[in-house]
Novice: 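What follows is a single structure, and I will ask about it in a moment.
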Number of protein chains: 2
Amino acid sequence: MDNSIQNKKPSESDKDKASYDLLMLDNQLCFSLYVCSKEIIKKYKNLLDPYSLTYTGYIIMMALWEKDDVTVKDLGKRLYLDSGTLTPMLKKLEALEYIKRIRSSSDERNVYIQLAPKGIDLKQKALCIPESLICNLDLDPKYAGGLLEALHKMMHRLEETTDSSID
Amino acid sequence: MDNSIQNKKPSESDKDKASYDLLMLDNQLCFSLYVCSKEIIKKYKNLLDPYSLTYTGYIIMMALWEKDDVTVKDLGKRLYLDSGTLTPMLKKLEALEYIKRIRSSSDERNVYIQLAPKGIDLKQKALCIPESLICNLDLDPKYAGGLLEALHKMMHRLEETTDSSID
DNA sequence: TTAAATTAAATTGCAAACAATTTAGTGAGT
DNA sequence: ACTCACTAAATTGTTTGCAATTTAATTTAA
C-alpha cells in the first residue's frame, strides 16, 4: 500500500528486494496512469454520447475551440495523435458538421481544419461536461492542481526523450 | 501555462471565464493522463519486444508474479480489464508458454491462470524494465511518490463512482 | 426435481490508435 | 528542366479495448 516508488532504502534490505519492489503493480506509475485515463474516458462517454462525440472527437473539438484554422499536423502535435488516427476522426467530425476540412490552395499538402457553425455552437453546450466530470471525480482542488502540474512535466519530458537510453 | 485547475478566482473575473478555463486543454486532467499513459506505453514497447510482450501482456505477467493461480475474473478486477480483452490475451501468453490456463474441475466456470516455467524465469529478466524506464523518465523520486499516491486515490474513487451523478 | 436466476468465460462486433507504407505536392541542387 | 529529397495527409494492416451477447455451469427457488 504505502511502499511507494521512492522507498528504495538501500540501507538495510538487499538490493534485490528493491528491484522486486519496482516490479510490484502498486509501484507502477504507468499502470495507474493507464487505468485512470481509461476509467475517466469511460465516464466521459455518457456525457459525450448526446453530441455523438467520442473522447477523441471531444479533445479535437477542445483543441479547435482554443485555436481554430489549424493544419492536421498542428492538431496532431498538440493532441499527440498522428494522421492515421486524425484523418478518419476528422472526416467523422466533418460528417457531423462540426468542422470543415479545407485543403490549402497555396500548398496543397496542407489541410486546414476550421470550426463549422455547429461546432462553434457546441462549445456552449460542452461547458457543463468538465464541470459534471470534476464534480464526479470529487477531487480536492489543491490536489488536482499539483497532480496536473506533475503530469504536464512528465508529458513534456516524454516528448523530449527520444529513447536514447534504450537502443 | 500556469492557469491550473483551481485558479477559478471568482473574485474579480466573471463566472463564464472560469467555465471556459475548464474547457482549456491544458486544464484537462484527463487529457494529461491520457497522453502520459500512451507515451509511456510507447516507451515500454522497445523494452518488451524482446520478450514478445505487449504492455497489456506485461501487466498481466506482473499481476501473476505478485499473486499466482488466480481466476480470469480476479485478474480482470486487479487490472481493470474484462474477459473480452483478457481471454485472447491469455491465450497468447499461453502460446508463448508463459502461463497455463486451467479450468477448475470443482466449478467449471472458472479458469485459473498459473505461471509456467518460462513465465517464472521471465521475472528475473524483467527486473531491468522498470529500472530502464524510470531512468528514462528521470523523475524526481519525491515527486513520483506523491504523483503515484494521487493517482491511486483517483483510481479507487473512479472505481466506487457508479456514475450516479450522470443518469 | 425442475425452472429460473446468477455467474464466469468466451465470442462477436466495433472504435481507437499506432506503425508502416503510399500518394501527392513542394523545394533544392545540378 | 529534371532529378532527388522532403513533407503532409491518407491509407493499410494490426493490436487493444469495450459493450453486448452467448454458452455453459452452478445456485436458488418453487
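Per chain, numbering begins at 1; letters A, B, ... match sequence-line order.
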Novice: Inspect the contact between A/Arg103 and A/Glu108 and indicate whether a charged nitrogen and a carboxylate oxygen are less than 4.0 angstrom apart.
Specialist: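 A/Arg103 and A/Glu108: not salt-bridged.
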Novice: Given D/dA19, D/dT11, D/dC6, identify the nucleotide with an atom nearest to the side chain of A/Arg109.
Specialist: D/dC6
Novice: Quick check: do B/Leu93 and B/Leu53 have side-chain heavy atoms less than 4.5 Å from each other?
Specialist: yes
Novice: So which nucleotide does D/dA30 pair with, by the Watson-Crick or G-U wobble rule with both distances under 3.5 Å?
Specialist: C/dT1
Novice: Same cluster for A/Leu29 and B/Met155 if Ile/Leu/Val/Met/Phe/Trp/Tyr side chains link at under 4.5 Å?
Specialist: yes
Novice: Taking NZ, NE, NH1 and NH2 as the nitrogens, is one of them in B/Glu39 or B/Lys42 under 4.0 Å from a carboxylate oxygen of the other?
Specialist: yes
Novice: Check the phosphate of D/dA8 against A/Ser83, side-chain N and O only, distance under 4.0 Å to OP1 or OP2. Yes or no?
Specialist: no
Novice: So where does chain A start and stop touching DNA chain C, 5' to 3', when the test is distance under 4.0 Å to a non-hydrogen atom?
Specialist: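 It runs C/dA15 to C/dT26.
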Novice: Can you work out whether B/Val111 or B/Lys38 has the more 5'-proximal nearest nucleotide on DNA chain C?
Specialist: B/Val111
Novice: Do the charged groups of B/Lys125 and B/Asp121 touch, with an N to O distance under 4.0 Å?
Specialist: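 Looking at B/Asp121 together with B/Lys125, the answer is no, because their closest N to O distance does not fall below 4.0 Å.
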Novice: Given atom CG of B/Asn110 and atom P of D/dT27, what is their separation to the nearest angstrom?
Specialist: 10 Å
Novice: Is any side-chain nitrogen or oxygen of B/Lys92 closer than 4.0 Å to OP1 or OP2 of D/dT16?
Specialist: yes
Novice: Using OP1 and OP2 only, check whether a side-chain N or O of B/Tyr80 sits under 4.0 Å from D/dG17.
Specialist: no
Novice: Assign each of A/Thr56 and A/Ser106 to its nearest nucleotide of DNA chain C by heavy atoms, then name whichever residue's nucleotide is nearer the 5' end.
Specialist: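 Looking at DNA chain C, the more 5' nearest nucleotide goes with A/Thr56.
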Novice: In whole angstroms, how far is the P atom of D/dG17 from the CG atom of B/Leu75?
Specialist: 13 Å
Novice: To the nearest angstrom, how far is A/Ile113 atom CD1 from D/dA8 atom C1'?
Specialist: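 Value for this atom pair: 12 Å.
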Novice: What is the separation between atom CG on B/Leu79 and atom C1' on D/dC18, rounded to the nearest whole Å?
Specialist: 15 Å
Novice: Whole angstrom is fine here: how far is it from NZ in B/Lys77 over to P in D/dC18?
Specialist: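 It is 17 Å, rounded to the nearest whole Å.
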Novice: Using every non-hydrogen atom in the two residues, find where B/Leu115 and B/Lys100 come nearest and quote the distance to one decimal.
Specialist: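 For B/Leu115 and B/Lys100, the tightest heavy-atom pair comes out as O-CE, 4.0 Å.
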Novice: Please determine which of B/Lys73, B/Glu66, B/Met62 meets the side chain to side chain contact (heavy atoms under 4.5 Å, CB included) test together with B/Arg78.
Specialist: B/Glu66
Novice: B/Leu81 near the nucleic acid: base, sugar-phosphate alone, or nothing, with a heavy-atom cut-off under 4.0 Å?
Specialist: sugar-phosphate
Novice: Go through the steps to decide whether B/Tyr51 and B/Tyr58 satisfy the test ring-ring contact (aromatic ring centres under 6.0 Å, His included), and finish with yes or no.
Specialist: CA-CA 9 Å; B/Tyr51 311 109; B/Tyr58 175 62; 9.1 Å; no
Novice: In whole Å, what is the span from the CG atom of A/Asn46 to the C1' atom of D/dC18?
Specialist: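 Distance, rounded to whole Å: 13 Å.
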Novice: Base, sugar-phosphate, or nothing for B/Tyr112, non-hydrogen atoms under 4.0 angstrom?
Specialist: nothing
Novice: Is the distance from OP1 or OP2 of D/dT14 to the nearest side-chain N or O of B/Lys45 less than 4.0 Å?
Specialist: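 No, because none of the side-chain N or O atoms of B/Lys45 sits under 4.0 Å from OP1 or OP2 of D/dT14.
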Novice: Please report, rounded to the nearest Å, how far the P atom of D/dC6 is from the CG atom of A/Asp107.
Specialist: 17 Å
Novice: CZ of A/Arg101 versus P of D/dA9: gap in Å, rounded?
Specialist: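 Value for this atom pair: 10 Å.
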